Amino acid sequence: MPLLTCKDFLTELSEYLDDSLDAEIKAKLDEHMSECPNCWVIADTTKKTVRIYKGMEPHPIPSDVEARLMAALEKKMAAKQRLSP
Amino acid sequence: MTAPSLTAIDETSLVAQARDGDARPFSELVRRYEGKIFRLAQHVTQNREDAEDVLQETFMKAYEHLDQFQGNSKFYTWIVRIAVNQALMKLRRRKTDKSVSLDEAIDTGEDTVVREIAAWDEDPEERYTREELGAILDTAVQSLDPPYRSVFVLRDVDELSTEETAEALGLSVPAVKSRLLRARLQLREKLTRYFKRKGGDAFAYM
């Protein structure tokens with residue numbers, strides 16, 4: 001198999017970080033990284049990017065938005081329950 | 001006697017109870033996911049008023065069509081699908097003569113240019129307060145193009161699988177993968193401006 005170019009490396013990077021590559025391709029990427037400092041940095045900082053966002057909770061929903069949502073739903077639920085036998 | 005708390009009940013039971021017409025379990029499901037749905041709606045519509053409409057319409061439709069939820073997928077994936085459809089309808093109405101889809105042509109011709117290559121601090125989180133860090137992360141996500149943004153939020157923030165993200169957004173698995181790669185690389189680039197090692201030792205690890 002020919003050596004990977006940096007472009008090939010970037011194309012596979014996401015799946016590499018998700019650990020969803022075949023062992024053979026993964027080994028190629030590891031080999032490329034050991035010889036290419038730029039790609040190593042890109043992989044490392046992309047990994048940190050994914051990590052820093054993981055599980056980030058949304059801002060609490062504004063109370064006026066939630067109040068309107070709940071009011072609309074209660075109306076709808078009450079209407080549905082009137083229709084049920 | 002007080003009613004038992006619903007917060008500890010698993011989602012499948014909540015959905016089953018809600019389907020029997022009980023309002024309280026459905027309200028609990030809303031409470032669990034309203035924040036995420038509102039965030040996603042804001043990301044797709046880029047407009048708070050539209051996002052609020054999308055939020056309401058999503059849960060109204062979910063309640064109305066609960067009997068159509070098969071339980072093959074997660075409840076969250078199912079409501080994301082509804083939310084994305086509602087959001088796209090909003091966008092279409094806004095640009096009446098142009099159809100909008102999350103699948104519309106996006107720049108896939110060239111690989112994301114990598115301009116900024118520098119190692120980060122070991123713990124970039126330590127340089128900023130929680131609020132500052134939150135603002136940096138939010139701004140970076142907001143600046144992504146919408147087709148990348150929804151994929152990134154579902155896949156890396158909400159931690160859905162590639163398949164679930166594809167199902168929720170009505171995209172193919174390869175489309176999700178290629179957008180996720182681009183989103184991650186673009187965010188990496190943006191965050192490097194904040195988190196790179198200060199001074200001349202950007203490559204000091206070598």
Side-chain angles (χ1 to χ4, degrees), chain A residues 5-21 33-85, chain B residues 21-23 26-27 30-31 34-40 42 48 51-52 55-57 59-60 63-64 111-112 114 116-120 124-125 133-134 136-138 140-141 152-153 155-159 162 177-178 180-185 187-192 195-196 202-203 205-206:
Chain A
T5 63
C6 294
K7 199 178 161 193
D8 299 332
F9 179 87
L10 283 184
T11 308
E12 303 292 341
L13 178 60
S14 219
E15 301 223 51
Y16 177 84
L17 296 177
D18 291 338
D19 205 13
S20 55
L21 287 176
M33 256 196 296
S34 70
E35 289 160 5
C36 179
N38 281 354
C39 283
W40 186 88
V41 170
I42 291 169
D44 183 62
T45 51
T46 308
K47 186 167 79 189
K48 287 175 176 160
T49 298
V50 174
R51 196 196 64 208
I52 209 169
Y53 276 105
K54 213 168 262 294
M56 190 179 151
E57 286 299 317
H59 296 294
I61 193 163
S63 54
D64 57 323
V65 172
E66 173 157 57
R68 286 192 290 272
L69 170 65
M70 287 306 178
L73 279 170
E74 270 160 28
K75 213 169 140 189
K76 179 138 198 128
M77 288 170 177
K80 190 168 177 178
Q81 284 179 346
R82 269 201 306 277
L83 291 174
S84 316
Chain B
D22 198 347
F26 191 75
S27 305
V30 173
R31 206 192 51 74
E34 59 187 1
K36 287 182 175 184
I37 293 293
F38 191 52
R39 172 170 67 187
L40 186 68
Q42 284 183 302
R48 163 148 171 181
E52 182 174 348
L55 175 76
Q56 285 198 13
E57 287 156 7
F59 285 111
M60 300 281 249
Y63 186 71
E64 215 172 296
D111 278 313
T112 305
V114 177
E116 186 95 57
I117 302 176
W120 290 6
E125 292 99 324
L133 186 68
I136 291 169
L137 298 182
D138 275 348
V141 172
F152 181 78
V153 169
R155 200 51 198 78
D156 279 345
V157 183
D158 288 347
E159 300 182 61
T162 302
K177 286 183 177 174
S178 83
L180 182 65
L181 170 68
R182 277 154 221 283
R184 285 171 168 180
L185 288 175
L187 286 172
R188 184 210 72 85
E189 181 102 14
K190 290 171 204 293
L191 296 187
T192 294
F195 299 153
K196 70 179 162 193
F203 285 87
Y205 56 86
M206 287 200 299

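Order of the sequence lines fixes the chain letters, A, B, ..., with proteins taken first and strands second; residue numbering starts at 1 for each chain. Small disclaimer: the values here were computed from a predicted structure and weren't measured. Scope of the values below: all heavy atoms of this structure, side chains included, with no hydrogens, waters or symmetry mates.
Across all non-hydrogen atoms, the minimal contact from M77(A) to A23(B) is SD-CB, 3.4 Å. Scanning all heavy atoms of the two residues, the minimum distance from V65(A) to R48(B) falls at CG2-NH2, 3.3 Å. Contact record, E52(B) with R68(A): OE2-NE, 2.5 Å, taken as the closest heavy-atom pair. When every heavy atom of G134(B) is checked against every heavy atom of M56(A), the shortest pair comes out as O-CE, 4.4 Å.
Of all the listed residues (L180(B), V157(B), V141(B), L137(B)), the one sharing the greatest number of non-hydrogen pairs under 4.5 Å with chain A is L137(B). Interface check for chain B: of the options P58(A), A72(A), P60(A), the most heavy-atom pairs under 4.5 Å are formed by P58(A). Chain B forms the most heavy-atom pairs under 4.5 Å with one residue out of E15(A), M70(A), K48(A), E12(A), and that residue is K48(A). Taking E34(B), R31(B), K196(B) one by one and counting their heavy-atom pairs under 4.5 Å with chain A, the maximum is reached by E34(B).
Only the side chain of R51(A) comes within contact range of chain B, with heavy atoms under 4.5 Å apart. Using a 4.5 Å cut-off between heavy atoms, L40(B) does not touch chain A at all. Both the backbone and the side chain of D156(B) come within less than 4.5 Å of a heavy atom in chain A. Using a 4.5 Å cut-off between heavy atoms, R39(B) touches chain A through its side chain atoms alone. Both the backbone and the side chain of F59(B) come within contact range of chain A, with heavy atoms under 4.5 Å apart. In this structure, chain A has no heavy atom under 4.5 Å from any part of V153(B). No part of T162(B) comes within reach of chain A, as not one of its non-hydrogen atoms sits under 4.5 angstrom from that chain. Using a 4.5 Å cut-off between heavy atoms, L191(B) contacts chain A through its side chain alone, with no backbone atom that close.
Side chains of D8(A) and T11(A): a donor-acceptor N/O pair is absent below 3.5 angstrom, by distance only. In this structure, a donor-acceptor pair under 3.5 Å is present between the side chains of R188(B) and T45(A).
Atom OH in Y16(A) sits 7.5 Å away from atom NZ in K47(A) (nearest 0.5 Å).
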*May I have the step-by-step check of salt bridge (charged side-chain N to carboxylate O under 4.0 Å, His left out) for K177(B) and D18(A), ending in yes or no?*
CA-CA 11 Å; K177(B) 286 183 177 174; D18(A) 291 338; over 6 Å; no
